[in-house]
There are 2 protein chains.
Amino acid sequence: MRIGELARATGVEIETVRYYEKSGLLPEPARQANGYRAYSARHLERLAFIRHCRALDMPLADIARLLDFNDHPQSDCGDVNTLIDAQLARVRARLASMHALEAQLAALRARCREPHATQECGILHELVAAAHGEACACHPAPGRGGAGHADPRVFAADAEAPERPGRCDNQAG
Amino acid sequence: MRIGELARATGVEIETVRYYEKSGLLPEPARQANGYRAYSARHLERLAFIRHCRALDMPLADIARLLDFNDHPQSDCGDVNTLIDAQLARVRARLASMHALEAQLAALRARCREPHATQECGILHELVAAAHGEACACHPAPGRGGAGHADPRVFAADAEAPERPGRCDNQAG
DNA sequence: GGTTGACCCCGTAGTGGCTTCAGGGTTTCC
DNA sequence: GGAAACCCTGAAGCCACTACGGGGTCAACC
Ligand SMILES: [Zn+2]
Ligand SMILES: [Zn+2]
Ligand SMILES: [Zn+2]
Ligand SMILES: [Zn+2]
């Protein structure tokens, strides 16, 4: 099985297959006389395993560990659970922040109905006002203040940010 | 105002401030005799604007455009709306895929209750079975088949993937 | 035998939004 | 005069790919 066939069989790009090999996730295959990679069914299975885990958005390092567990059937599966739990926690954190983000963006979007000069655009007005430390539609104070964030720092990543997006913690977290 | 003060005032890391300058988002400030950057209130405002937009997870390129609109008050705000709408669409797509992902991971996690040898771990069994093309807890067929995905390719990014994570489209999309 | 086209090889650089590092200089306080 | 805190620059690292450049290989067809 050459790399193109493997790629087609799994729906993975050829470059990605080579990348996985270079990253140590996929073992180096045998080579034909002309230097072409020659894959076995085991490679196909392993690659499908990797893609399945990637579909669950697991990082490659975690996938490597899962593959390791698989290769050592005697080991304890507690670490597998820890790993899945961590991934689940990551996904839930991102889910929450995406949820907040959607509300914020929708509120901001509602500030402009029909096109006009940017000078009078409710969206830009909100953004500028927020930059001045005033309350904004997208980040209303959650009750404990009345006015919105009076400090630009509210948008900072304080302590533990809810993963990637949504560095704004003043009502999302 | 030196870079450290600006950074503290906005809750941004110093390196990030310099990065924004290098990226053209923040104009080059004046310099003191010793070469230190000297920022004005306008820089502070602009940086707060940037961070607010970043809190809405907008890409820096979009933020640059928003700043441009702000600097040209005569221009039409239609493009602002387009930009926000695109961001909202991105967020909603990711929200949906995160949602699906959470269900998938939770289903997978439920396959292992108490620790044991990986050999008999329900989680690893599921992952291996899925790699063989069998049905898995995390990706049950959505009705139109009965059995799960019988083809490893289901995890491929076919056509338009729902943004970053969740390359698995067989029930999430 | 020449050429087209589909394959394959390798190494490097680019993506986004930072963060970190290496290797310095400046200012301030004790 | 020495330590701590601040500042400077440019380059590299992170993640998971993706794209590119410059080649080699192989079958088929004219
Ligand atoms: Zn408008
Ligand atoms: Zn806001
Ligand atoms: Zn288990
Ligand atoms: Zn699955």
Side-chain angles (χ1 to χ4, degrees), chain A residues 1-26 28-39 47 50-65 86-87 90 94 97 155-157 161 163-168, chain B residues 1-26 28-39 47 50-65 86-87 90 94 97 155-157 161 163-168:
Chain A
M1 201 182 209
R2 292 191 304 184
I3 197 169
E5 300 172 74
L6 180 67
R8 264 190 305 278
T10 52
V12 175
E13 301 253 351
I14 289 177
E15 288 86 0
T16 306
V17 176
R18 284 198 283 249
Y19 172 72
Y20 287 159
E21 178 182 327
K22 200 165 52 178
S23 312
L25 276 172
L26 212 49
E28 293 191 25
R31 298 280 182 150
Q32 292 174 356
N34 55 14
Y36 291 10
R37 288 172 177 80
Y39 291 99
L47 181 53
I50 293 169
R51 293 310 285 184
H52 189 195
C53 292
R54 285 294 300 135
L56 295 170
D57 205 30
M58 295 189 209
L60 294 187
D62 284 9
I63 300 174
R65 296 195 56 204
Q87 175 65 10
R90 272 194 298 268
R94 285 218 269 165
S97 97
F155 300 115
E163 276 305 291
R164 289 298 151 62
R167 286 124 192 92
C168 176
Chain B
M1 199 181 211
R2 290 191 304 185
I3 198 170
E5 301 172 72
L6 180 68
R8 264 190 305 276
T10 51
V12 175
E13 301 252 352
I14 289 177
E15 289 84 3
T16 306
V17 177
R18 284 199 283 251
Y19 172 73
Y20 288 160
E21 178 182 328
K22 200 165 54 177
S23 313
L25 276 173
L26 213 47
E28 291 190 26
R31 296 282 180 149
Q32 293 174 354
N34 55 14
Y36 289 11
R37 288 171 176 82
Y39 291 99
L47 181 53
I50 294 169
R51 291 311 284 185
H52 190 197
C53 293
R54 285 295 299 136
L56 295 169
D57 206 30
M58 295 187 208
L60 294 187
D62 284 9
I63 300 174
R65 296 195 57 204
Q87 177 64 12
R90 271 194 299 268
R94 285 218 270 164
S97 96
F155 300 115
E163 279 303 293
R164 290 295 153 64
R167 285 126 193 90
C168 176

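Hydrogens, waters and symmetry mates are skipped; everything else that's a heavy atom, side chains included, is used. To find a chain, count down the sequence lines: A is the first, B the second, and so on, and within it residues start at 1.
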Of the listed nucleotides [options], the one nearest the side chain of [X]:
{"X": "Arg31(B)", "options": "dC17(D), dC18(C), dC8(D)", "value": "dC8(D)"}
{"X": "Arg18(B)", "options": "dC10(C), dA16(D), dT9(D)", "value": "dT9(D)"}
{"X": "Ile14(B)", "options": "dA16(D), dG17(C), dC7(D)", "value": "dC7(D)"}
{"X": "Glu13(A)", "options": "dT18(D), dG17(C), dT9(D)", "value": "dT18(D)"}
{"X": "Asn34(A)", "options": "dG17(C), dC7(D), dC26(D)", "value": "dC26(D)"}

* For Ala38(B) and Pro29(B), work out which heavy atoms get closest and say how close. => O-CB, 3.4 Å

* How far apart are the closest heavy atoms of Ile50(B) and Ile63(B), and which atoms are they? -> O-CD1, 3.9 Å

Euclidean distance, atom [atom1] of residue [X] to atom [atom2] of [N] [Å, nearest integer]:
{"X": "Leu26(A)", "N": "dC17(D)", "atom1": "CG", "atom2": "C1'", "result": "15 Å"}
{"X": "Gln32(A)", "N": "dC8(C)", "atom1": "CD", "atom2": "P", "result": "9 Å"}
{"X": "Glu21(A)", "N": "dA16(D)", "atom1": "CD", "atom2": "P", "result": "18 Å"}
{"X": "Glu15(A)", "N": "dC10(C)", "atom1": "CD", "atom2": "C1'", "result": "12 Å"}
{"X": "Gln87(A)", "N": "dC15(D)", "atom1": "CD", "atom2": "P", "result": "14 Å"}
{"X": "Met1(A)", "N": "dC7(C)", "atom1": "CE", "atom2": "C1'", "result": "15 Å"}
{"X": "Ile50(A)", "N": "dA16(D)", "atom1": "CD1", "atom2": "C1'", "result": "13 Å"}
{"X": "Glu5(B)", "N": "dT27(C)", "atom1": "CD", "atom2": "P", "result": "15 Å"}

* Asked: Taking NZ, NE, NH1 and NH2 as the nitrogens, is one of them in Asp57(B) or Arg90(B) under 4.0 Å from a carboxylate oxygen of the other?
  -> no

OP1 or OP2 of [N] versus the side-chain N and O atoms of [X]: is any pair under 4.0 Å?
{"X": "Tyr20(B)", "N": "dC18(C)", "result": "yes"}
{"X": "Thr16(B)", "N": "dT19(C)", "result": "yes"}
{"X": "Arg51(B)", "N": "dC18(C)", "result": "yes"}

* To do: Quick one: list whatever passes side-chain hydrogen bond (donor to acceptor under 3.5 Å, both in side chains) with Tyr20(A), sequence neighbours left out.
  => Arg51(A)

* Considering residues at least two apart in sequence or located in another chain, which fulfil the side chain to side chain contact (heavy atoms under 4.5 Å, CB included) criterion with Glu28(B)? -> Glu21(B)

* To do: To the nearest 10°, let me know how far the axis at one end of the helix from dG1(C)-dC30(D) to dC30(C)-dG1(D) is tilted from the axis at the other, five pairs an end.
  => 30°

* Any N or O donor-acceptor pair linking the side chain of Tyr36(B) to the base of dG25(C) at under 3.5 Å? -> yes

* To do: Take Ala61(B) and Arg2(B), find for each the nucleotide of DNA chain C with the closest heavy atom, and name the residue whose nucleotide sits nearer the 5' end.
  => Ala61(B)

* **Candidate pair Arg37(B) and Arg31(B), rule side chain to side chain contact (heavy atoms under 4.5 Å, CB included), full reasoning** => CA-CA 5 Å; Arg37(B) 288 171 176 82; Arg31(B) 296 282 180 149; 3.5 Å; yes

* On DNA chain D, check which nucleotide each of Gly4(B) and Tyr19(A) is closest to and give me the residue with the more 5' one. => Gly4(B)

* Asked: Is there side-chain contact between Arg18(B) and Leu26(B), with at least one heavy-atom pair below 4.5 Å?
  -> no

* To do: Report the C-alpha distance between Tyr39(A) and Val17(A) in whole Å, list the side-chain angles of each, state the deciding distance to 0.1 Å, and finish with yes or no for side chain to side chain contact (heavy atoms under 4.5 Å, CB included).
  => CA-CA 11 Å; Tyr39(A) 291 99; Val17(A) 176; 3.5 Å; yes

* Remember a base hit wins even if backbone is also touched, and classify Lys22(A) as base, sugar-phosphate or nothing at under 4.0 Å, heavy atoms. => base

